[in-house]
Number of protein chains: 2
Amino acid sequence: MVFRMQSPAALAAIYRSMGRKVTPQRQLLFQLMHENDCHPTAEALFAEASAQMPGISLRTVYQTLNELAEMGELQFIDIGGGPTRFDPNLDDHHHVVCIDCGQIRDVQVSGAAALHPSGAEDFVINEVGVVFQGVCSSCEKSRAKSGRSVRAKSPALQAKVSK
Amino acid sequence: MVFRMQSPAALAAIYRSMGRKVTPQRQLLFQLMHENDCHPTAEALFAEASAQMPGISLRTVYQTLNELAEMGELQFIDIGGGPTRFDPNLDDHHHVVCIDCGQIRDVQVSGAAALHPSGAEDFVINEVGVVFQGVCSSCEKSRAKSGRSVRAKSPALQAKVSK
DNA sequence: TTCTTGTTAGCACGAATTGCAGATTAGGAG
DNA sequence: CTCCTAATCTGCAATTCGTGCTAACAAGAA
Ligand SMILES: [Mn+2]
Ligand SMILES: [Mn+2]
Ligand SMILES: [Zn+2]
Ligand SMILES: [Zn+2]
């Protein structure tokens with residue numbers, strides 16, 4: 001059972017049934033997000049959209065993405081401080097990020113749902129997110145070439161205080 | 001073995017040994033971060049620092065935090081799009097976030113290190129981060145009072161495309 | 001076609017963070 | 001202690017990402 005954002009046609013129907021209008025801008029963005037699996041930023045979508053519809057506004061891209069998120073048709077992903085990325089994959093899944101090129105890939109993590117935090121017994125937990133940081137094969141090659149290996153986590157002094 | 005940012009005195013020594021100067025501003029920030037376990041933002045630290053040292057600049061707070069991070073003395077935490085938060089806890093640990101008040105708490109997650117992503121076999125994984133979203137006990141009370149329960153994940157249409 | 005109402009485009013604005021440069025100072029040499 | 005200089009600090013401009021606002025615009029019903 002794989003859950004994704006609805007098809008453009010289905011979304012059009014949903015929009016109409018909610019009294020919202022099905023504009024060309026929205027339809028285009030429905031297409032661009034549907035089946036999109038690269039977790040694009042608003043700017044990236046804006047660039048793609050502009051190619052097919054010169055004059056479309058970045059504001060409209062943000063608005064539509066926010067709408068879809070409110071409707072539960074896509075998710076926001078915030079990783080590492082960069083711009084928000086959008087995900088039409090509504091399944092229970094997680095992400096790997098390449099610390100070199102920034103690409104984000106979907107991954108399944110068996111056992112993630114079973115994770116439990118120690119030290120937050122007074123919280124009602126709602127959901128869990130797992131993010132792996134690493135280097136993709138393509139970037140790994142570039143690294144090999146330029147000699148630099150996967151960087152140590154703490155390049156600084158090693159003497160740590162044990163407490 | 002608990003790893004944390006060094007003590008203010010130790011940091012002073014490290015700074016001098018690196019040819020960096022031990023200024024009053026830095027010393028104050030060392031103190032404020034050391035043993036700080038609330039994952040403060042730069043602005044929050046700036047406020048605390050300003051109380052003890054009126055005139056200190058926000059720019060200096062950012063600079064010092066960036067330095068310490070480069071030296072591996074603290075970590076950046078980016079969660080949910082808000083401002084970056086800083087963490088002097090260098091241990092292998094994870095976080096719970098209260099979606100109401102934004103507080104971030106350290107947690108241990110047994111089994112986190114054993115997690116493996118399916119679908120990223122071509123990545124060299126460097127590290128894993130687990131973030132739990134939930135509601136803290138304090139906010140839970142407020143919710144009970146105002147009647148609102150823990151919100152459903154997708155308030156929108158239920159009919160999803162199975163693929 | 002006309003009317004109503006939701007939508008779009010564009011720009012101003014806001015939050016978070018960094019770039020810059022002149023004024024200031026820590027810390028070592030004399 | 002005084003002087004010197006490189007490192008640092010401060011204040012402000014600039015940048016990046018995203019939102020508020022509103023007049024012009026257009027979907028869709030009548
Ligand atoms: Mn995803
Ligand atoms: Mn922490
Ligand atoms: Zn890469
Ligand atoms: Zn709370």
Side-chain angles (χ1 to χ4, degrees), chain A residues 8-9 11-30 32 39-47 49-71 74-87 102 104, chain B residues 8-9 11-30 32 39-47 49-50 52-71 74-86 102 104:
Chain A
L11 284 174
I14 296 174
Y15 264 64
R16 268 190 266 266
S17 78
M18 297 177 73
R20 303 184 126 152
K21 291 175 179 174
V22 177
T23 65
Q25 290 89 340
R26 281 172 175 170
Q27 293 183 71
L28 173 54
L29 289 166
F30 294 167
L32 292 179
H39 305 91
T41 63
E43 292 278 357
L45 282 168
F46 174 60
S50 296
Q52 292 187 233
M53 184 185 285
I56 190 174
S57 147
L58 175 59
R59 192 70 189 77
T60 298
V61 174
Y62 274 109
Q63 251 161 219
T64 304
L65 290 171
N66 280 324
E67 269 165 29
L68 289 169
E70 271 175 54
M71 295 166 58
L74 54 76
Q75 294 180 266
F76 288 0
I77 300 181
D78 285 293
I79 286 173
T84 299
R85 314 193 58 151
F86 300 89
D87 195 348
I104 298 181
Chain B
L11 285 173
I14 296 174
Y15 263 64
R16 271 190 265 265
S17 78
M18 296 178 73
R20 304 184 123 150
K21 293 176 178 174
V22 178
T23 65
Q25 290 89 340
R26 280 171 174 171
Q27 294 184 72
L28 174 53
L29 289 166
F30 294 168
L32 293 178
H39 306 91
T41 63
E43 291 279 357
L45 282 168
F46 174 60
S50 296
Q52 292 188 234
M53 184 185 284
I56 189 174
S57 147
L58 175 58
R59 191 72 188 76
T60 298
V61 175
Y62 274 108
Q63 251 160 214
T64 304
L65 290 170
N66 280 325
E67 269 166 28
L68 289 169
E70 271 175 53
M71 296 168 57
L74 53 76
Q75 293 180 267
F76 287 1
I77 300 181
D78 285 292
I79 286 173
T84 300
R85 314 194 57 154
F86 301 89
I104 298 181

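Quick note on labels: first sequence line is chain A, next is B, and so on, each numbered from 1.
Summarising the geometry, the separation between CZ on B:Phe46 and P on D:dC9 is reported as 14 Å, rounded to the nearest angstrom. Between A:Ile79 atom CD1 and D:dC17 atom C1' there is a gap of 17 Å when expressed in whole angstrom units. Taking atom OH of residue B:Tyr15 and atom C1' of nucleotide D:dT8, one finds them 11 Å apart after rounding to whole Å.
Looking only at side-chain heavy atoms (C-beta outward), A:Thr84 and A:Ile77 stay at 4.5 Å or farther from each other. The shortest distance between side-chain heavy atoms of B:Asn66 and B:Phe76 falls below 4.5 Å. Looking at A:Asp78 and B:Ile79, their side chains never come closer than 4.5 Å, going by heavy atoms from C-beta outward.
Among residues two or more places apart in sequence or in another chain, the ring-ring contact (aromatic ring centres under 6.0 Å, His included) test is passed with A:Tyr15 by A:Phe30. Residues passing the side chain to side chain donor-acceptor pair (under 3.5 Å) test with A:Thr60: none are found, sequence neighbours excluded. Residues satisfying the side chain to side chain donor-acceptor pair (under 3.5 Å) test with B:Arg85, not counting sequence neighbours, are none. Evaluation of the side chain to side chain donor-acceptor pair (under 3.5 Å) rule for B:Thr41 yields no partner, not counting sequence neighbours.
Closest approach of A:Ser50 to A:Ile56, counting heavy atoms only: OG-CG2, 3.8 Å.
The span of DNA chain C lying next to chain B, judged by atoms under 4.0 Å from heavy atoms, is bounded 5' to 3' by C:dA16 to C:dG27.
In this structure, B:Gly81 reaches neither bases nor backbone, as no heavy-atom distance under 4.0 Å exists between it and the strands shown.
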- Query: Along nucleotides 18-30 of chain D, 5' to 3', which nucleotides get a B, which get an S, and which get a -, given that the test is a protein heavy-atom distance under 4.0 Å?
  - Reply: SBBB----BBS--
